[in-house]
Structures are given as C-alpha cells and as structure tokens.
Chemist: 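Submitted below is the structure of interest, expressed as structure tokens.
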Amino acid sequence: MTLTTKLIERDPNAPGLGVFYGPSGYGKTYASIFAQNKTRAIRVEVGDYWTRKTLLKAILAEAGQVARGTIADMAEETIRLLGDEPSRPLIIDEADRAVDRGMIELIRDLHDKSTAPIILIGEERLPAKIEPHERVHNRVLDWTGAQAADLDDAKKLAASICRGIKLGDDLLAAIVKESDGRARRVVVNLVKAAEIARNRGLKSLDLATWGQDAFFSGRAPKPRAR
C-alpha cells in the first residue's frame, strides 16, 4: 500500500512505474489484492502463454470493457481507459513473464501515454530483468522489496487461522524460522498447529506441546529407502 499510495500521490512530473519484488511465498500477490481492493486498481496476472494481445484483453476485461479490433486498437482503448482515471492503478502480477515474453515496452507505452500508476510485481530478479530496458528502468519511481514474515506477522496470521487457540511465542518464532520467513509456509504451519491442537483437545499450544511433529519447511523430501 505504501508503494501504491506513493505512485498515486506522486508529483505530476514524476514517473509512475513501481516495482514490487521478492522471493516466492512472501505474500506479494495477497498484498496486491489488498491494494486492489483499497484503490479499485485494475489487476491482472500474466500467464506463461500470454502475448501482448492477451495482456491487453485481460486489462480491458478487468475494467469491464470488451476488447475489440487489432492490438493497436486495444492498446489505444486501454490508454484511454487508464487516462480517464489517472489515480486508478494498474497492477501487473507475474511481471517477470511480461519481460521474458517481450511485453515490457508495451507496458511502458501504456504508462507514458496514460500517465496512470502501474505496479509491476515479480520475483527477486525482476529488477535485474528490467534493468537492460533503459527506457523502462528510468521510469521507475520506486523499487520496493517484499519483506520476510516476522513474529508480529505470525501473530496476526495466527489470530485469523487458529481462532480459539493460543499459540506460544516460542512456537510462533520456531514456525517463522522453519518457514524461512515465507508467509505461505507460515500459513501452512499455522494450519498444522490448529489441527494438532484440535486433535489433542488443547486450547493452547507451545513449542513443548507441539512435540516431535515436523515443521513444513518447503524442502523436498529425501528419497525413500527401498
């Protein structure tokens, strides 16, 4: 939301591209959905098979418009749509794929001609992928790295996932550590904690009562001996 607000409220002379990047599982997509709901943003998630035409059709569809005509026609309609509401952001998730599939200059064109704020979301290497595209790179107002989940985040997630069950700080700290700070893995471990507590009829759970159950770390299991 900090990045989104900064782009919306930027000086008229400042560029309007923002990049939100980080490892898989850090909660980038959920964060973008939160920002979408708060700002009425148009949000699309680039598929591996997408083309420039698919991207434009998806943006128009998310805005409630029917895509018609050539790629140029759809691009002009998208620019008009974005320009009509310059405070309404466009969020493009999985933007790594947009760069890999040669769509980044189209996105720059949408930005330049509409002046709408556009947020690109992707993996940790997204900034490095954008850097060779100088005309895009120098239009980025802010690069924001997603942060790893911490104990405070785990407490907030636990309040939602483990309702009626009190989790000890030592257990939550262990969950954060074993999850490598990845919110998605923290959620999986919290779901497991709720199941353990329910199965044992417990209203509270700490590291001692968790016992010998393995935490979900995301690491692939070792081959089983035959």
Chemist: Would you please test L90 and I107 for side chain to side chain contact (heavy atoms under 4.5 Å, CB included) and show each step?
Modeler: CA-CA 10 Å; L90 169 62; I107 294 170; 6.0 Å; no

Chemist: Within a strict 4.5 Å, meaning less than it, do heavy atoms of the I165 and K203 side chains meet?
Modeler: no

Chemist: Taking L106's backbone N and O only, do any of them form a donor-acceptor pair with D109's side chain (distance below 3.5 Å, no angle check)?
Modeler: no

Chemist: Between E131 and K129, does any side-chain N to carboxylate O distance fall below 4.0 Å?
Modeler: no

Chemist: Is there a path of hydrophobic side-chain contacts, each under 4.5 Å between heavy atoms of I/L/V/M/F/W/Y residues, joining I119 to I42?
Modeler: no

Chemist: Is L126 reachable from Y26 through a run of hydrophobic residues whose side-chain heavy atoms are each under 4.5 Å from the next?
Modeler: no

Chemist: Identify the two heavy atoms, one from G22 and one from A146, that lie closest to each other, and give their separation to 0.1 Å.
Modeler: CA-CB, 4.4 Å

Chemist: Minimum heavy-atom separation for A14 to L141, with atom names?
Modeler: CB-CD1, 4.1 Å

Chemist: If you count the non-hydrogen atoms of other residues, nucleotides and ligands that lie under 6.0 Å from CZ in R52, is the total more than 12?
Modeler: no

Chemist: When you check the gap from the basic side-chain N to the acidic O, do R80 and E77 get nearer than 4.0 Å?
Modeler: yes

Chemist: Test side chain to side chain contact (heavy atoms under 4.5 Å, CB included) on V19 and T144 and set out the steps.
Modeler: CA-CA 6 Å; V19 178; T144 300; over 6 Å; no

Chemist: Quick one: does E178's side chain have a donor or acceptor within less than 3.5 Å of a partner on F216's backbone?
Modeler: no

Chemist: Are V136 and V99 connected into the same hydrophobic cluster when the rule is that any two of I, L, V, M, F, W, Y join if their side-chain heavy atoms are below 4.5 Å apart?
Modeler: yes

Chemist: For S32 and T29, does a side-chain donor sit closer than 3.5 Å to a side-chain acceptor?
Modeler: no

Chemist: Within the distance-only criterion (no hydrogens, no angle test), does the side chain of D84 pair as donor or acceptor with the backbone N or O of L81 below 3.5 angstrom?
Modeler: no

Chemist: Is there side-chain contact between L172 and K155, with at least one heavy-atom pair below 4.5 Å?
Modeler: yes

Chemist: Does the side chain of L120 reach to within under 4.5 Å of the side chain of I130, using non-hydrogen atoms?
Modeler: yes

Chemist: Could you pull out the closest heavy-atom pair between D96 and E123, with the gap in Å?
Modeler: OD1-N, 3.0 Å

Chemist: Strictly below 4.0 Å, N to O, side chains only: are R125 and D100 in salt-bridge contact?
Modeler: no

Chemist: Would you say I175 ends up clustered with V191 if hydrophobic residues are merged whenever their side chains have heavy atoms under 4.5 Å apart, either directly or through other cluster members?
Modeler: yes

Chemist: Quick one, D206 and D169 - any side-chain contact, counting heavy atoms below 4.5 Å?
Modeler: no

Chemist: If hydrophobic clusters are built by linking Ile, Leu, Val, Met, Phe, Trp and Tyr wherever their side-chain heavy atoms come under 4.5 Å apart, do I8 and L3 end up in the same one?
Modeler: no

Chemist: Is K57 atom NZ crowded by more than 12 heavy atoms from other residues, nucleotides or ligands, each under 6.0 Å away?
Modeler: no

Chemist: Looking at every non-hydrogen atom in both residues, tell me the closest pair between L7 and P117 and how far apart they are.
Modeler: CB-CB, 3.7 Å

Chemist: Got a donor-acceptor contact below 3.5 angstrom from the R88 side chain to the A41 backbone?
Modeler: no

Chemist: Please confirm whether the backbone N or O of T2 pairs with a side-chain atom of T5, one donor and one acceptor, at under 3.5 Å?
Modeler: no

Chemist: Out of curiosity, R10 CZ to T115 OG1, how far, rounded to the nearest 0.5 Å?
Modeler: 6.0 Å

Chemist: More than 12 heavy atoms of other residues, nucleotides or ligands under 6.0 Å from CZ of R163: yes or no?
Modeler: no

Chemist: Do T70 side-chain atoms and D73 backbone N/O form a donor-acceptor pair below 3.5 Å?
Modeler: yes

Chemist: Between the side chains of R135 and D112, is the shortest nitrogen-to-carboxylate-oxygen separation below 4.0 Å, so that they form an ion pair?
Modeler: no

Chemist: Return yes if some donor-acceptor pair links the side-chain N/O of S114 with the main-chain N/O of A116 below 3.5 Å, else return no.
Modeler: yes

Chemist: Would you say I118 and I91 make side-chain contact, with heavy atoms under 4.5 Å?
Modeler: no

Chemist: So K28 and F20, do their side chains get closer than 4.5 Å, heavy atoms only?
Modeler: yes

Chemist: Using a 4.5 Å cut-off on heavy atoms from C-beta on, say whether the side chain of T209 contacts that of L171.
Modeler: no

Chemist: Show the nearest heavy-atom pair for residues L55 and V44, with the distance to one decimal.
Modeler: CD1-CG2, 4.1 Å

Chemist: Could you go through the side chain to side chain contact (heavy atoms under 4.5 Å, CB included) check for L60 and T78 one step at a time?
Modeler: CA-CA 6 Å; L60 290 170; T78 302; 3.6 Å; yes

Chemist: R139 side chain to P15 main-chain N or O, any donor-acceptor pair under 3.5 Å?
Modeler: no

Chemist: Is the shortest side-chain N to carboxylate O distance from E105 to R108 below 4.0 Å?
Modeler: yes

Chemist: Check W50 against A58 and note the closest heavy-atom contact, atom names and distance.
Modeler: CH2-CB, 3.4 Å

Chemist: Tell me, with the steps shown, if V186 and D153 meet side chain to side chain contact (heavy atoms under 4.5 Å, CB included).
Modeler: CA-CA 9 Å; V186 171; D153 296 321; over 6 Å; no

Chemist: Is D180 reaching over with its side chain to a backbone N or O of R182, donor-acceptor style, under 3.5 angstrom?
Modeler: no

Chemist: Do other residues, nucleotides or ligands put more than 12 heavy atoms under 6.0 Å from Q147 CD?
Modeler: no

Chemist: Are side-chain heavy atoms of I121 and I92 found at a separation under 4.5 Å?
Modeler: no

Chemist: Using the six-membered ring wherever Trp is involved, compare the ring planes of W210 and F215 and label them parallel, tilted or perpendicular (cut-offs 30° and 60°).
Modeler: parallel

Chemist: Enter the distance from Y49:OH to R97:CZ here, rounded to the nearest 0.5 Å.
Modeler: 9.5 Å

